[in-house]
Participant: 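Let me give you the structure first, and then I'll get to my questions.
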Amino acid sequence: MKIATFNINGIKARLPALLAWLEEGKPDVAILQEIKSLDETFPREPIEDLGYSIETHGQKSFNGVAILSRLPLEDVTRGLPGDDNDDHARWIEATVVGKQALRICGLYLPNGNPAPGPKYDYKLAWMERLKKRAQALLESEEIALMAGDFNIIPQSEDAANPQNWTEDALFLPESRAAWRRIVNLGFTDALRATSTAPETYTFWDYQAGAWERNNGIRIDHFLLTPQCADRLITCEIDSHVRGREKPSDHVPVWVELDL
DNA sequence: ATGGTCGACTTTCGA
């Protein structure tokens, strides 16, 4: 089973690029971030025509996540538990019903800039809530994964120019420590577990020719429970998508699981 | 050395 995550940076602007990539990559499941769309204005038909069912958790203008699947989805839930006052659409879960059930959590973790400040406080508080959900996921002993735009550069090798990011919420020591506290509960970083490539970036800024200079960072991740990691075959990044017409600033990352 | 790009949706914010 092939499962992908892709921060599309606006479904309206990205629909042609998304359809082309779905037809080419044929993921069984695609987890999307930054749909920047209300549920009712999400362009369902052209995606459904490719054989996908769609579950969205959207809001006006910003954020928004979705799961596309060619296999049936069950038990869909929306919103990260732990704060009833949080109205950002950043979390969606569903169970993919194949030969074996796979629980999928799609997330768009807060950017957190500028740091310090209220946006950074929100990021760290959100990560504390994420850790609680992650712990529960492990305790369930399900075949499960969390994937999406984590807005975290885990280590220096995950940035072409780490010195550019030392003051940034994506790379501050406190951000990376919060990431490690989650991973160290018992998750496998799928890209790190399978890739030997030296430059494994998933985001290149639109500004200052970042793509042309390969000034990238790795911030889109797959975290697998042990039961899921036992099924991991490969994890790859579709970097070439960044060089196409009207690209997102992120590219798809995908795993192949023996399921 | 410095300024630079998108998307959504309005005059400006978020990334």
Side-chain angles (χ1 to χ4, degrees), chain A residues 5-21 30-44 46-47 56-66 80 86-91 106-127 130 147-154 158-172 174-176 178-179 201-221 238-253:
Chain A
T5 180
F6 189 5
N7 180 324
I8 56 172
N9 190 19
I11 184 62
K12 295 175 191 74
R14 209 67 59 221
L15 188 58
L18 175 64
L19 294 173
W21 167 74
I31 306 163
L32 306 181
Q33 301 87 41
E34 286 206 87
I35 63 173
K36 297 186 175 180
S37 166
L38 294 164
D39 295 330
E40 51 267 37
T41 50
F42 189 91
R44 306 179 63 92
I47 296 168
T56 60
H57 180 38
Q59 68 181 108
K60 195 180 179 184
S61 302
F62 306 115
N63 307 321
V65 289
L80 181 64
D86 183 2
D87 57 0
H88 287 205
R90 297 180 175 276
W91 181 269
L107 67 100
Y108 176 48
L109 203 147
N111 175 294
N113 283 303
K119 290 187 176 182
Y120 193 56
D121 295 341
Y122 173 62
K123 177 178 194 148
L124 294 178
W126 203 94
M127 292 185 78
L130 174 59
D149 178 357
F150 281 75
N151 268 313
I152 293 284
I153 303 167
D158 297 312
N161 297 107
Q163 69 278 9
N164 292 354
W165 299 91
T166 53
E167 307 296 316
D168 195 285
L170 278 59
F171 194 57
L172 283 173
E174 203 174 350
S175 305
R176 295 156 58 202
W179 158 267
Y201 310 133
T202 66
F203 169 93
W204 295 260
D205 200 285
Y206 288 123
Q207 297 188 61
W211 167 247
E212 289 75 11
R213 297 165 194 237
N214 195 24
N215 182 13
I217 52 177
R218 186 174 77 100
I219 56 176
D220 300 271
H221 307 299
D238 286 341
S239 310
H240 63 282
V241 170
R242 185 64 179 79
R244 292 183 173 171
E245 281 291 300
K246 252 180 105 62
S248 171
D249 41 7
H250 297 250
V251 296
V253 184

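In what follows, every chain begins at residue 1, and chains take the letters A, B, ... in the order their sequences are listed. This structure is a prediction, so every number in the text was calculated from the model and none was measured. These values consider heavy atoms only, across backbone and side chains, with no hydrogens, waters or symmetry-generated copies.
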Participant: Strictly below 4.0 Å: does A/Lys246 bring a side-chain N or O up to OP1 or OP2 of B/dC6?
Facilitator: no
Participant: How far does the C1' atom of B/dT2 sit from the matching atom of B/dG7, given to the nearest Å?
Facilitator: 25 Å
Participant: Would you confirm whether A/Arg14, through its side chain, and A/Lys246, through its main-chain N or O, come within 3.5 Å as a donor-acceptor pair?
Facilitator: yes
Participant: Sequence neighbours excluded, which residues qualify as salt bridge (charged side-chain N to carboxylate O under 4.0 Å, His left out) partners of A/Arg218?
Facilitator: A/Asp158, A/Asp189
Participant: Using atom P of each nucleotide, how far apart are B/dT11 and B/dC6 to the nearest Å?
Facilitator: 23 Å
Participant: Within this structure, what is the CG-to-P distance between A/Asp87 and B/dG14, rounded to whole angstrom?
Facilitator: 13 Å
Participant: Considering residues at least two apart in sequence or located in another chain, which fulfil the salt bridge (charged side-chain N to carboxylate O under 4.0 Å, His left out) criterion with A/Arg244?
Facilitator: A/Glu24
Participant: Nearest-Å distance, NE2 (A/His250) to P (B/dA15)?
Facilitator: 11 Å
Participant: Between atom NZ in A/Lys36 and atom C1' in B/dC9, what is the gap in whole Å?
Facilitator: 11 Å
Participant: Could you state the CD1-C1' distance from A/Ile11 to B/dC6, rounded to the nearest angstrom?
Facilitator: 16 Å
Participant: May I have the distance from A/Glu34 (atom CD) to B/dC9 (atom C1'), rounded to whole angstrom?
Facilitator: 15 Å
Participant: Mind checking the CE-CG spacing from A/Met127 to A/Leu107? Nearest 0.5 Å is all I need.
Facilitator: 9.5 Å
Participant: Considering only the P atoms, how many Å lie between B/dA15 and B/dC9, rounded to the nearest integer?
Facilitator: 15 Å
Participant: Using a cut-off of strictly less than 4.0 Å between a heavy atom of the residue and any atom of DNA chain B, enumerate the qualifying residues of residues 107-116 of chain A by number.
Facilitator: A/Tyr108, A/Asn111
Participant: Round to a whole Å and report the spacing from NZ of A/Lys12 to P of B/dC6.
Facilitator: 19 Å
Participant: I want to confirm an ordering. Mapping A/Asn9 and A/Phe203 to their closest nucleotides on DNA chain B, which one lands closer to the 5' end?
Facilitator: A/Asn9
Participant: Nearest 0.5 Å, please: how far is CD in A/Gln59 from OG in A/Ser37?
Facilitator: 10.5 Å
Participant: For A/Trp165, enumerate each residue passing the ring pair (Phe, Tyr, Trp, His ring centres under 6.0 Å) test, keeping only those at least two apart in sequence or located in another chain.
Facilitator: none
Participant: Ignoring hydrogens and geometry, is there a side-chain-to-backbone donor-acceptor pair from A/Tyr206 to A/Asp249 under 3.5 Å?
Facilitator: yes
Participant: For A/Glu245 and B/dG7, what is the distance between atoms CD and P respectively, to the nearest whole Å?
Facilitator: 12 Å
Participant: Quick one: which of A/Asn7, A/Thr5, A/Asp220 gives a side-chain hydrogen bond (donor to acceptor under 3.5 Å, both in side chains) with A/Thr202?
Facilitator: A/Asp220
Participant: Show each protein N/O and nucleotides 3-5 of chain B N/O combination with a separation under 3.5 Å, one pair to a line.
Facilitator:
from	atom 1	to	atom 2	distance (Å)
B/dT5	O4'	A/Tyr206	O	3.4

Participant: B/dG7, B/dG14, B/dC9: which one has an atom nearest the side-chain heavy atoms of A/Lys119?
Facilitator: B/dG14
Participant: Could you check whether the rings of A/Trp179 and A/Phe150 sit parallel, tilted or perpendicular, using 30° and 60° as the cut-offs?
Facilitator: perpendicular
Participant: Expressed in whole Å, how much space separates the P atoms belonging to B/dA8 and B/dG4?
Facilitator: 22 Å
Participant: Over how many whole Å does the gap from A/Tyr122 atom OH to B/dA15 atom C1' extend?
Facilitator: 15 Å
Participant: State which residues pass salt bridge (charged side-chain N to carboxylate O under 4.0 Å, His left out) with A/Asp39; sequence neighbours excluded, sorted by chain then number.
Facilitator: none
